[in-house]
Number of protein chains: 2
Amino acid sequence: MHDHIKALFVKHKIKHTHARLAIVEVLKEAKAPLNYEQIKAKMNLAMDKATFYRNIAMFEASGMIHKFESDDRKWYFELSSTTHAHFICDACHQIKCIEINMDTIEGDVKSIVLKGTCKECKA
Amino acid sequence: MHDHIKALFVKHKIKHTHARLAIVEVLKEAKAPLNYEQIKAKMNLAMDKATFYRNIAMFEASGMIHKFESDDRKWYFELSSTTHAHFICDACHQIKCIEINMDTIEGDVKSIVLKGTCKECKA
DNA sequence: CAAAACAATGCAACTTAGTCGCAAAGGAAA
DNA sequence: TTTCCTTTGCGACTAAGTTGCATTGTTTTG
Ligand SMILES: [Mn+2]
Ligand SMILES: [Mn+2]
Ligand SMILES: [Zn+2]
Ligand SMILES: [Zn+2]
C-alpha cells in the first residue's frame with residue numbers, strides 16, 4: 001500500500017479496507033475519469049457492486065473523490081483535485097480533463113462537464 | 001398554433017402532430033430547462049412516455065432542442081439557442097442559464113453543465 | 001480470552017428513467 | 001376504396017444504481 005493512498009484515507013478519516021484500497025488504487029493510476037465497469041476491470045480484487053457503490057458514496061461524501069454523469073447514463077469517478085472541467089466527445093467518447101476560465105462564474109462550482117465533438121474528431 | 005412554433009417545425013423539417021405541438025408549446029414558454037415529468041405536468045395533452053421520448057429524440061436529431069443530464073439522473077430539455085451553460089444548484093436544485101467564456105476551449109462544444117452551490121444558497 | 005457491539009460485505013430483490021417491439025390508428029397518396 | 005407510410009399506445013424490457021438483510025470481520029469491553 002502506497003503511502004500516498006494511506007495518507008488520503010487518513011486525511012478523509014476513512015478506515016482502509018481491502019475493498020476501499022482496491023478502488024482507490026485504480027483511481028490513483030487512472031489518466032481520466034472511469035466508470036464502475038472500467039474500475040471493476042482494473043481492480044485486483046472482486047467485490048459486489050453494492051460494496052463498490054457504498055464505498056464510492058463514502059468517498060464522495062468525504063470529498064476524497066468527485067463524480068459526474070456522462071451522456072451514457074453512467075457515473076464517472078476521479079480523485080479530487082483542483083476544480084477543472086471535463087470534455088466528453090460524442091464521437092470518440094473520450095473524456096478529457098481541461099481548464100476553463102471561471103472568473104465570471106458566480107457560486108461555488110464543484111463540477112463542469114462539456115459535451116461536443118473534440119478537436120481530433122472534428123477535423 | 002403560434003406562427004413561431006410553426007416556423008420551427010418547418011425549419012427543422014418535422015411534420016407537426018398534436019403530440020409534437022404540445023411538447024414544443026411547453027418548451028416555448030419555459031423559463032428554464034424542464035424534464036419529462038415537468039413537461040408532462042404542463043402539457044395540455046396526455047401522451048404516452050414512449051411517444052414523448054420518440055418525439056424528443058427526433059427534435060434533438062434535427063437540432064431543434066437540446067438536452068442534458070442533471071444529477072438526478074433525468075434529462076432536461078430546452079429549445080436550442082446560442083450555446084450557453086447551465087448551472088445546477090445542489091441545494092435549491094434550480095437550473096440557471098449562464099454565459100461562459102469559451103475562447104480557450106478547443107473542439108465543437110454542444111453543451112456545458114456546471115454543478116455546485118449557487119450564489120444565493122452559498123450566502 | 002470470551003462476549004458483546006459495531007462496521008463492512010455479499011446477495012438478491014428492488015427502483016426507475018428511458019427503450020423497444022408490435023399492433024392499432026391516422027393520414028397521405030394512388 | 002385500397003395501399004402505403006407515419007405516428008401512437010401499450011406493455012414488456014433494460015440497466016445503473018439502491019436497499020434490506022443475513023453473514024462475516026473487526027473493535028471494544030468485561
Ligand atoms: Mn479530471
Ligand atoms: Mn438554457
Ligand atoms: Zn473525439
Ligand atoms: Zn441554489
Side-chain angles (χ1 to χ4, degrees), chain A residues 1 6 9-10 12-27 33-41 43-62 64-78 88 90 93 95 111 113 115, chain B residues 1 9-10 12-25 27 33-41 43-62 64-78 88 90 93 95 111 113 115:
Chain A
M1 176 180 174
K6 194 170 191 173
F9 281 112
V10 172
H12 294 93
K13 291 171 185 157
I14 292 174
K15 284 189 239 175
H16 53 275
T17 66
H18 292 278
R20 286 170 196 167
L21 204 57
I23 297 172
V24 176
E25 272 173 348
V26 173
L27 292 178
L34 301 175
N35 63 32
Y36 165 63
E37 292 251 309
Q38 293 169 325
I39 295 171
K40 181 182 178 183
M43 275 193 296
N44 56 24
L45 169 70
M47 81 187 65
D48 191 79
K49 66 177 174 170
T51 302
F52 175 87
Y53 282 112
R54 276 190 284 236
N55 282 324
I56 282 284
M58 170 176 284
F59 294 162
E60 211 208 345
S62 79
M64 190 167 126
I65 70 164
H66 163 242
K67 79 160 191 245
F68 61 88
E69 290 177 33
S70 179
D71 50 0
D72 53 7
R73 297 186 64 69
K74 290 175 188 167
W75 289 352
Y76 285 76
F77 312 99
E78 71 180 347
I88 304 172
D90 52 22
H93 304 288
I95 299 179
S111 112
V113 177
K115 291 174 187 168
Chain B
M1 176 178 175
F9 281 112
V10 172
H12 294 91
K13 292 172 185 153
I14 292 175
K15 285 189 238 175
H16 53 276
T17 66
H18 291 278
R20 286 172 196 166
L21 204 57
I23 297 172
V24 176
E25 272 173 349
L27 292 177
L34 301 175
N35 63 32
Y36 165 63
E37 292 251 306
Q38 294 170 326
I39 295 171
K40 182 182 178 184
M43 275 194 296
N44 55 24
L45 169 69
M47 81 186 65
D48 191 79
K49 67 176 173 169
T51 301
F52 174 87
Y53 282 113
R54 276 189 284 236
N55 282 324
I56 282 284
M58 173 175 282
F59 294 162
E60 211 207 346
S62 78
M64 190 168 124
I65 71 164
H66 163 242
K67 82 160 190 244
F68 61 89
E69 289 178 34
S70 181
D71 51 359
D72 52 6
R73 297 185 65 69
K74 290 174 187 167
W75 290 350
Y76 284 77
F77 312 99
E78 70 178 351
I88 303 171
D90 53 21
H93 304 289
I95 299 180
S111 110
V113 177
K115 290 172 189 169

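Throughout, a chain's letter reflects where its sequence line sits, starting with A, and its residues are numbered from 1.
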Between atom [atom1] in [X] and atom [atom2] in [N], what is the gap in whole Å?
X: B:Met47; N: D:dG11; atom1: CE; atom2: P; result: 18 Å
X: A:Ile56; N: D:dT18; atom1: CD1; atom2: P; result: 10 Å
X: B:Asp48; N: D:dA12; atom1: CG; atom2: C1'; result: 12 Å
X: B:Phe59; N: D:dT7; atom1: CZ; atom2: P; result: 11 Å
X: B:Arg54; N: D:dC10; atom1: CZ; atom2: P; result: 12 Å
X: B:Asn55; N: D:dT6; atom1: CG; atom2: C1'; result: 11 Å
X: B:His16; N: D:dT7; atom1: NE2; atom2: P; result: 12 Å
X: A:Trp75; N: D:dA16; atom1: CH2; atom2: P; result: 12 Å

Can you list the steps and then say if B:Met64 with B:Val24 is a side-chain contact (heavy atoms from CB on, under 4.5 Å)? CA-CA 10 Å; B:Met64 190 168 124; B:Val24 176; 3.3 Å; yes
For A:Asn35, does its backbone N or O pair with a side-chain atom of A:Gln38 as donor and acceptor, under 3.5 Å?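 Such a contact is found between A:Gln38 side chain and A:Asn35 backbone.
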With a 4.0 Å cut-off on heavy atoms, is A:Asn35 in touch with a base, just the backbone sugar-phosphate, or nothing at all?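 Nothing, no heavy atom under 4.0 Å.
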Indicate, with a heavy-atom threshold strictly under 4.0 Å, whether A:Arg20 touches base, sugar-phosphate, or nothing.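 Sugar-phosphate: the residue A:Arg20, judged by heavy atoms under 4.0 Å, touches backbone atoms but no base.
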Kindly give the heavy-atom pair with the smallest separation between A:Ala19 and A:Asn55, and that separation in Å.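 Smallest interatomic distance, heavy atoms only, reads CB-ND2, 3.9 Å.
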Which atom of A:Glu78 lies closest to which atom of A:Pro33, heavy atoms considered: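 Nearest heavy atoms, A:Glu78 then A:Pro33: OE1-CG, 3.7 Å.
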Tell me if the NZ atom of B:Lys67 is crowded by more than 12 foreign heavy atoms within 6.0 Å.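 Yes, NZ of B:Lys67 has more than 12 neighbouring heavy atoms, counting only those of other groups under 6.0 Å.
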At a heavy-atom distance below 4.0 Å, which nucleotide of DNA chain C is the first touched by chain A, and which is the last?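 With heavy atoms of chain A under 4.0 Å away, the range is C:dA7 to C:dG18.
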Out of D:dT6, D:dA16, D:dG11, whichever nucleotide has its closest atom nearest the side chain of B:Arg73: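 Taking heavy atoms from C-beta onward, the closest nucleotide is D:dA16.
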Consider the side chain of B:Ala50, meaning its heavy atoms from C-beta on, and name the nucleotide among D:dT8, D:dC10, D:dG20 that approaches it most closely.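 Taking heavy atoms from C-beta onward, the closest nucleotide is D:dC10.
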Can you tell me how the ring of A:His16 sits relative to the ring of A:Phe9, calling it parallel under 30°, perpendicular over 60° and tilted otherwise?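 Answer is tilted, since the angle falls between 30° and 60°.
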Need to verify one output field. Residue with the more 5' nearest nucleotide on DNA chain C, B:His18 or B:Tyr53?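 Result: B:Tyr53.
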Stepwise, does the side-chain contact (heavy atoms from CB on, under 4.5 Å) test hold for A:Ile23 with A:Met47? CA-CA 10 Å; A:Ile23 297 172; A:Met47 81 187 65; 4.0 Å; yes
Check whether the side chain of A:Lys49 and the base of D:dG17 form a donor-acceptor pair under 3.5 Å.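 Under the 3.5 Å cut-off, the side chain and the base do form a donor-acceptor pair.
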